[in-house]
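First comes the structure, then the notes that go with it.
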Amino acid sequence: MKNTIIVAPHPDDEIIGNFEILTTTHPMIIYDADTFKKRRDIALKLKEHADISIQLFHKNIPAPFLNKENTIYIPDPIYELHPLHRYWGNIGEQLARDGYDIVFYSTNMNAPYIHEVKKSNAKEELLNKVYPDQSDLWKYDKKYILFEGRTKWIF
Ligand SMILES: [Zn+2]
């Protein structure tokens with residue numbers, strides 16, 4: 001069976017980087033289990049607003065999800081700045097080289113492949129509902145709301 005998987009190093013990366021994917025597929029979201037418990041609890045709130053399932057894992061994607069039929073969204077290993085994003089990006093690069101269907105995404109919107117989000121109002125609304133504590137991030141910098149970027153590598 002073909003599934004969509006979003007790897008979110010931190011809760012909020014799934015919406016900031018993949019709102020369009022979240023709202024058009026029924027993805028499984030994998031959060032890094034090392035992120036703070038409070039933020040994980042908040043992430044579970046996302047289930048009330050989006051048709052998703054959630055898994056928490058340490059530092060890898062478990063074998064049952066590593067299916068070449070699945071499309072896996074993972075942070076970009078080159079353009080992302082946060083070390084945890086780059087860590088996951090490197091895992092994604094290795095998987096892509098091994099023939100898995102990997103899509104790299106941007107959360108800082110400094111990548112050369114970003115585009116405008118059509119339903120940016122709905123994106124902002126969802127972020128405010130699920131992550132009200134972090135709203136300063138997108139209140140003062142609209143790039144997190146207005147843009148998303150995803151790319152595939154060809155080998
Ligand atoms: Zn993050």
Side-chain angles (χ1 to χ4, degrees), residues 1-115 117-119 122-123 126-127 129-131 134 137-138 143-145 147-155:
M1 204 183 131
K2 199 169 159 42
N3 289 306
T4 300
I5 295 171
I6 297 174
V7 175
H10 309 102
D12 81 1
D13 291 326
E14 76 292 51
I15 303 179
I16 288 175
N18 295 293
F19 173 77
E20 294 167 319
I21 306 303
L22 264 182
T23 48
T24 53
T25 65
H26 307 291
M28 161 165 297
I29 302 181
I30 296 183
Y31 293 105
D32 195 301
D34 284 349
T35 51
F36 298 112
K37 186 181 178 302
K38 184 176 169 224
R39 288 181 78 182
R40 283 186 313 187
D41 291 344
I42 292 168
L44 295 175
K45 258 174 69 180
L46 178 58
K47 285 190 77 152
E48 297 165 20
H49 301 288
D51 186 8
I52 57 164
S53 56
I54 289 178
Q55 297 285 339
L56 299 169
F57 292 112
H58 281 283
K59 303 294 183 209
N60 64 41
I61 302 172
F65 300 106
L66 282 179
N67 175 335
K68 287 186 176 165
E69 297 290 300
N70 293 343
T71 302
I72 303 176
Y73 293 81
I74 205 160
D76 189 300
I78 304 289
Y79 292 104
E80 289 295 287
L81 300 175
H82 193 287
L84 194 56
H85 287 214
R86 294 172 72 115
Y87 170 87
W88 280 98
N90 289 332
I91 290 176
E93 177 177 350
Q94 197 51 59
L95 291 171
R97 289 183 187 283
D98 290 343
Y100 291 91
D101 186 20
I102 302 294
V103 178
F104 294 113
Y105 69 84
S106 171
T107 61
N108 61 24
M109 310 310 159
N110 286 326
Y113 47 77
I114 60 171
H115 62 267
V117 172
K118 287 207 180 85
K119 295 180 178 168
K123 182 177 181 180
L126 183 61
L127 276 168
K129 269 186 203 154
V130 181
Y131 299 113
Q134 282 153 255
L137 182 67
W138 47 86
K143 72 181 178 187
Y144 299 109
I145 302 292
F147 301 104
E148 290 189 10
R150 284 174 290 273
T151 192
K152 275 184 149 182
W153 289 9
I154 292 170
F155 298 95

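Just the heavy atoms: all of them, side chains too, but no hydrogens, waters or symmetry mates, feed the values below.
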> How about I114 and E148: do any of their side-chain heavy atoms sit closer than 4.5 Å?
Replying inline: no
> Does the side chain of H115 come within less than 4.5 Å of F147's, by heavy atoms?
Replying inline: no
> Can you check whether G99's main-chain N or O pairs, donor with acceptor, with K68's side chain at less than 3.5 Å?
Replying inline: no
> Which heavy atom in A43 sits nearest to a heavy atom in I54, and how many Å separate them?
Replying inline: O-CD1, 3.7 Å
> When you look at OH of Y79, are more than 12 heavy atoms from neighbouring residues, nucleotides or ligands closer to it than 6.0 Å?
Replying inline: no
> Roughly how far apart are L95 CG and N60 CG, rounded to 0.5 Å?
Replying inline: 10.0 Å
> Going from CG on L22 to NE2 on H49, what distance comes out if it is rounded to the nearest 0.5 angstrom?
Replying inline: 12.5 Å
> Is the backbone of E69 close enough, under 3.5 Å, to the side chain of K2 for a donor and an acceptor to pair up by distance?
Replying inline: yes
> What distance separates I30 CD1 from F57 CZ, expressed to the nearest 0.5 Å?
Replying inline: 6.0 Å
> For the side chain of R150 and the backbone of G17, is there at least one donor-acceptor N/O pair under 3.5 Å apart?
Replying inline: yes
>> Test your reading of the model: is there a side-chain donor-acceptor pair from D13 to the backbone of H10, 3.5 Å cut-off?
In response: yes
> With distance as the sole test, does Y105 use its side chain to make a donor-acceptor pair with the main-chain N or O of G149 at under 3.5 Å?
Replying inline: no
>> So does L46 get a backbone contact from the side chain of K129, meaning a donor-acceptor N/O pair under 3.5 Å?
In response: no
> So, the side chain of K143 versus the backbone of N110: is there a donor-acceptor pair under 3.5 Å, distance only?
Replying inline: no
> In Å and rounded to the nearest 0.5 Å, what is the CE to CD1 distance from M28 to I6?
Replying inline: 11.0 Å
> Is there a side chain to side chain contact (heavy atoms under 4.5 Å, CB included) between V117 and I145 once you walk through the steps?
Replying inline: CA-CA 8 Å; V117 172; I145 302 292; over 6 Å; no
> Hey, are the side chains of D76 and S106 touching, using non-hydrogen atoms and a 4.5 Å cut-off?
Replying inline: no
> Where do Y73 and I5 land on the side chain to side chain contact (heavy atoms under 4.5 Å, CB included) test, with the steps shown first?
Replying inline: CA-CA 6 Å; Y73 293 81; I5 295 171; over 6 Å; no
> So how far is it from F19 CZ to T24 OG1, rounded to the nearest 0.5 Å?
Replying inline: 9.5 Å
> Which atom names give the shortest non-hydrogen contact between P75 and V7, and what distance separates them?
Replying inline: CD-O, 3.8 Å
>> Quick check: closest heavy atoms across K152 and D101, and the distance to 0.1 Å?
In response: NZ-OD1, 2.6 Å
>> With a 3.5 Å distance limit and no angle check, can you tell me whether N70 reaches the backbone of N3 through a side-chain donor-acceptor pair?
In response: yes
> Which pair of non-hydrogen atoms, one from I16 and one from K123, has the smallest distance, and what is that distance?
Replying inline: O-NZ, 2.7 Å
> Which pair of non-hydrogen atoms, one from Y144 and one from N108, has the smallest distance, and what is that distance?
Replying inline: CE2-CA, 4.4 Å
>> To the nearest 0.5 Å, what is the distance between CD1 on I21 and OG1 on T71?
In response: 9.0 Å
> Between F104 and W153, what is the ring plane arrangement, given parallel below 30°, perpendicular above 60°, and tilted in between?
Replying inline: tilted
>> Looking at E80 and T107, would you say the former's side chain and the latter's main chain have a donor-acceptor pair under 3.5 Å?
In response: yes
> Which pair of heavy atoms, one from I29 and one from E14, lies closest together, and at what distance?
Replying inline: CD1-CG, 3.7 Å
> Run the side chain to side chain contact (heavy atoms under 4.5 Å, CB included) check on I15 and W138 step by step: do they pass?
Replying inline: CA-CA 12 Å; I15 303 179; W138 47 86; over 6 Å; no
